[in-house]
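Computed from a predicted model, the values in this text were never measured in an experiment.
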Amino acid sequence: MCYRAILPTTAKNIKKNSMLLDLTYTFNRWLKMLGTYGRLDATTLPDDLSKIARFLELRGIRDDIKEAAKLCRDYALSDTNRFKHLTRSLSRALSLMCEAQEDTEVRKIRKAHADQGMREKYRPLSRRLAKEKIRKIGKAVIFTDPHTDSAETTKLVRRIVEKRAAQEVHKNAGKHSRKSNLYRHDIQRAVSFNLYNTRYVEYDAELRAHGTHWRVLTNFRKGEKMLVAKNSYNTYDEAVEACVRIKTARPDDQSPMSAYRCDHCGKWHIGHARFSVKSTEVPSDEKKETDKKIAG
């Protein structure tokens, strides 16, 4: 696992020395230990758990942040087989905690300029890749996921993206700049952006069918809609566990969530019941276990 610190961009002055920021650094340390050693430090764990207990007693903290911290504590106290779930819970908790500490205006500016204009620059390349289909696996590039696909599929997708990116940059480059460092840098940026943003496509009502692979996001600055691939899960149990985590993190959400198999990518997604359509039946034993998990 590649470790990257999840910290607030600009913390509010009133919370710079708060227990919320202190717990943020603690959870980042947990993430680093899990990524490096695959376990938590037993010598510092009791103090960290005491810190979480004091944090849960604070007033004025959002309920979803407290629930996320509780979930991290419960996974940390469980057996070693739950460290995979602990990693996901830590990332979720850190995202909520950083959001609570960051200044709203700074967060808006960071979100608006997150791609540094690359979405506009590589729009023709993204459109071309959106139509690209891999005959070897019988699936389009936009329906692949580097987090859940096999290593062979991921390498094949990367080779295709590198080839198309080199063609696009070569077409747009000037005659005297094709041997410069800037030319090579443009190819690398085009590959990186489209390799990790192929799931972002322009809005198409036909693609956004009832309970499909996509969800809709709106650019608050331009008012444009775009489609973003939902998180993919290899098994039904993983998708159901994600439903349980979301239900725990958002207790005020009264709309039930369910898991369904995607007709486009063949993996499992989750969504609210009014949008979800289950294309394949799941064995009754799995359904019973799932109901018990949600009820518990």
Should Glu241 and Tyr233 be marked as a side-chain contact (heavy atoms from CB on, under 4.5 Å) after you check the CA-CA gap, both sets of side-chain angles, and the distance that decides it?
CA-CA 10 Å; Glu241 187 176 352; Tyr233 304 94; over 6 Å; no

Nearest-0.5 Å distance that lies between atom NE2 in His269 and atom CH2 in Trp214
9.0 Å

Separation between CG (Asp186) and CD (Gln188), nearest 0.5 Å, reads 9.5 Å

Gap between atom CG of Leu23 and atom SG of Cys72 - 0.5 Å precision
8.5 Å

Compare all side-chain heavy atoms of Ser258 with those of Ile270 and state whether any distance is below 4.5 angstrom.
no

Expected output: side-chain His213 to main-chain Lys230 donor-acceptor under 3.5 Å:
no

Rounded to the nearest 0.5 Å, how far does OG1 of Thr87 lie from CG of Leu34?
4.5 Å

Work out which heavy atom in Arg215 is nearest to a heavy atom in Ala229; give both atom names and the distance.
NE-O, 4.4 Å

Option from Arg158, Arg164, Arg159 for which salt bridge (Lys or Arg N to Asp or Glu O under 4.0 Å) with Glu162 holds:
Arg158

Sidechain-backbone polar pair: Thr144 side chain, Val141 backbone, donor-acceptor under 3.5 Å:
yes

For the atom pair NZ (Lys121) and CD (Glu168), what is the distance rounded to the nearest 0.5 Å?
10.5 Å

Does any part of the side chain of Lys32, heavy atoms only, come nearer than 4.5 Å to the side chain of Asn28, both counted from C-beta?
no

Side-chain contact, heavy-atom cut-off 4.5 Å: Lys139 with Asp149?
yes

Beyond-backbone contact of Arg29 with Asp48, side-chain heavy atoms, under 4.5 angstrom:
yes

Non-hydrogen side-chain atoms of Asp237 and Trp268 separated by less than 4.5 Å
no

Quickly, which of Asn194, Leu129, Asn172 forms a side-chain contact (heavy atoms from CB on, under 4.5 Å) with Tyr122? Name it, please.
Asn194

Enter the distance from Lys267:NZ to Asn231:CG here, rounded to the nearest 0.5 Å.
12.5 Å

Polar side chain donor-acceptor pair, Thr212 to Asp263, under 3.5 angstrom
no

Could you go through Trp30 and Thr44, starting from their C-alpha distance and side-chain angles, then the distance that decides it, and tell me whether this counts as side-chain contact (heavy atoms from CB on, under 4.5 Å)?
CA-CA 10 Å; Trp30 282 17; Thr44 60; 5.7 Å; no

Please find the pair of heavy atoms, one from Cys98 and one from Thr24, that lie closest to each other, and give the distance.
SG-CG2, 4.3 Å

Does CZ belonging to Arg39 count more than 12 external heavy atoms closer than 6.0 Å?
no

Contact between Arg127 and Lys131 at the side-chain level, heavy atoms closer than 4.5 Å - yes or no?
no

Quick one: closest heavy-atom pair of Leu71 and Ser89, and the distance?
CD2-OG, 3.7 Å

Does Leu58 reach the side chain of Leu20, with side-chain heavy atoms less than 4.5 Å apart?
no

Going through the checks in order, is the side-chain contact (heavy atoms from CB on, under 4.5 Å) test met by Arg92 and Arg245?
CA-CA 10 Å; Arg92 170 64 181 168; Arg245 290 199 306 270; over 6 Å; no

Between Ser126 and Phe193, what is the shortest heavy-atom contact and its length?
OG-CE2, 4.3 Å

Applying salt bridge (charged side-chain N to carboxylate O under 4.0 Å, His left out), name anything that partners Lys163, two or more places apart in sequence or on another chain.
none

Side-chain contact test, heavy atoms from C-beta onward, threshold under 4.5 Å: evaluate it for Phe55 versus Ile65 and give yes or no.
yes

Val161 and Val191 have their tightest heavy-atom pair at CG1-O, 3.9 Å

For Arg73, give me all partners under side-chain contact (heavy atoms from CB on, under 4.5 Å), at least two apart in sequence or on another chain.
Leu49, Ile52, Leu56, Lys70, Leu77

Looking only at heavy atoms, which two atoms of Ala68 and Leu96 are closest? And how far apart?
CB-CD1, 4.1 Å

Checking Asp64 against Glu67 for the side-chain contact (heavy atoms from CB on, under 4.5 Å) test, could you report, in this order, the C-alpha distance in whole Å, the side-chain angles of both residues, the deciding distance, and whether it holds?
CA-CA 5 Å; Asp64 56 347; Glu67 291 296 332; 5.6 Å; no

Side chain of Lys136, backbone of Thr153: donor and acceptor closer than 3.5 Å?
no

